[in-house]
Amino acid sequence: MSIKTVMLTGGASGMALLAGKCYAKEGCNVVLVDINEDGLAKAKEELAEYGDRVLTVCADATKYSDAVMARDKAVGIFGRIDILICCAGGAELRLLGQKGNFWEIPIETYDFGIDLNLKGAIYFDHAVMAQMVKQNSGVIIHLGSITGEEGSSNNVAYAASKSALMYGVTKSIAQAGAPYNIRCVCVAPGPVLTRAAMANMKTMAGRAADPQEIVDLIMYVASEKGAFINGTTILADGGRNVMFNKT
């Protein structure tokens, strides 16, 4: 059986980096893609024991040409891409250090949020799927969010992008990929302790998720054990979405 190659966007930190470490431990080729060059260098050091099985690619998810470049580098070195995990993203106001009401925020902030969280995933889906079609196999995992269910009064682009990924995009990519043995699934977490502030969000479980819990779910869905899961969103939110009182 050939060694699987896994590409992760947003791979310099958070759940993408954790997933990359887990896949490397399993003997996979790992491609970490991120705009943060310093973060990638640190991630490369952390994964140094896996040597030639880890490739870091500095790329901007908001540029389609960068998605194509990342794909070509990965295929040039490893010959294929078996799993794409799209984690690059985040709430636009937090990423840009802004505060205020929706109507007070510059519209460019929301352009950025949609470019990163929605178009960025579609760009990588499009670029990498072309390779997966050649292979006649592949799995694409989107990272959704409970915010895609709940909405947000100010991070409107993030909420809209996650909703689109969780439903329209995931279903559509699954439909497009089915004839070529390509699956697409979205894993949508509730609060996750990648940031301390997430501990303040209520869940019926009484806590936020440990990042490893979400990574374990992603890896299960992307594996042969999850082969019957396709075109759907799995909400891993500790029951938050069905709570009567979330405040």
Side-chain angles (χ1 to χ4, degrees), residues 4 6-10 14-16 18-19 22-23 28 61 81-90 114 116-133 135-152 157-192 194 201 203-205 208-243 246:
K4 290 191 178 296
V6 184
M7 174 179 281
L8 305 103
T9 70
M15 283 187 289
L18 177 58
C22 292
Y23 275 115
C28 297
I81 300 172
D82 298 285
I83 301 169
L84 169 66
I85 304 174
C86 294
C87 294
I114 291 172
L116 176 61
N117 292 291
L118 179 56
K119 291 172 68 176
I122 292 175
Y123 285 168
F124 271 86
D125 288 355
H126 187 276
V128 173
M129 198 169 178
Q131 172 62 30
M132 290 179 170
V133 168
Q135 301 165 186
N136 197 44
S137 67
V139 181
I140 295 172
I141 304 292
H142 295 142
L143 189 68
S145 170
I146 185 62
T147 306
E149 289 281 358
E150 295 180 343
S152 173
Y158 181 74
S161 297
K162 292 302 183 182
S163 292
L165 277 180
M166 290 161 65
Y167 301 103
V169 180
T170 294
K171 291 180 179 181
S172 298
I173 298 300
Q175 291 169 6
Y180 305 97
N181 197 31
I182 300 167
R183 293 189 293 122
C184 183
V185 180
C186 183
V187 173
V192 184
T194 49
M201 288 181 66
T203 68
M204 288 203 299
D210 184 280
Q212 188 67 56
E213 292 179 281
I214 306 302
V215 168
D216 287 345
L217 176 58
I218 289 171
M219 294 179 72
Y220 174 83
V221 171
S223 74
E224 294 304 316
K225 292 180 179 180
F228 205 58
I229 305 171
N230 195 17
T232 192
T233 292
I234 301 173
L235 191 60
D237 69 338
R240 179 177 169 83
N241 194 50
V242 295
M243 291 179 70
K246 301 176 186 179

Item checked: Separation of K4 NZ from E224 CD (nearest 0.5 Å) -> 5.5 Å

Checklist line | Contact summary for P191 and R240, nearest pair of heavy atoms | finding: CD-CD, 4.3 Å

Note to self: Distance check, rounded to the nearest 0.5 Å: D125 atom CG versus H142 atom NE2?
What the structure shows: 3.5 Å

Note to self: What's the separation between atom CG in L143 and atom CD1 in I214, rounded to the nearest 0.5 Å?
What the structure shows: 8.5 Å

Note to self: Within this structure, what is the OG-CD1 distance for the pair S152 and I146, rounded to the nearest 0.5 Å?
What the structure shows: 12.5 Å

Checklist line | Donor-acceptor contact present, side-chain T170 to main-chain L165, <3.5 Å | finding: yes

Next item on the list: Quick one: closest heavy-atom pair of Q131 and I81, and the distance?
Entry: CG-N, 4.2 Å

Notebook entry, point to check: Roughly how far apart are M166 CE and T233 OG1, rounded to 0.5 Å?
Noted result: 5.0 Å

Notebook entry, point to check: How close do N117 and K162 get, heavy atom to heavy atom, and via which atoms?
Noted result: OD1-CE, 4.3 Å

Checklist line | Shortest non-hydrogen contact from C86 toward F124 | finding: SG-CB, 4.3 Å

Check: Are the side chain of Y123 and the backbone N or O of A61 linked by a donor-acceptor pair below 3.5 Å?
Finding: no

Item checked: Distance-minimising heavy-atom pair for L8 and A16 -> CD2-O, 3.4 Å

Item checked: ring pair (Phe, Tyr, Trp, His ring centres under 6.0 Å) partners of Y23, counting only residues at least two apart -> none

Notebook entry, point to check: Can you tell me how far the CE atom of M243 sits from the CG atom of D237, to the nearest 0.5 Å?
Noted result: 9.5 Å

Please report, to 0.1 Å, the donor-acceptor pairs under 3.5 Å made by any side chain of residues 172-188, with sequence neighbours excluded.
{"unit_1": "S172", "atom_1": "OG", "unit_2": "G168", "atom_2": "O", "d": "2.6"}
{"unit_1": "R183", "atom_1": "NH1", "unit_2": "V221", "atom_2": "O", "d": "3.1"}
{"unit_1": "R183", "atom_1": "NH1", "unit_2": "G226", "atom_2": "O", "d": "2.9"}
{"unit_1": "R183", "atom_1": "NH1", "unit_2": "I229", "atom_2": "O", "d": "2.7"}
{"unit_1": "R183", "atom_1": "NH2", "unit_2": "V221", "atom_2": "O", "d": "2.8"}
{"unit_1": "R183", "atom_1": "NH2", "unit_2": "S223", "atom_2": "O", "d": "3.4"}

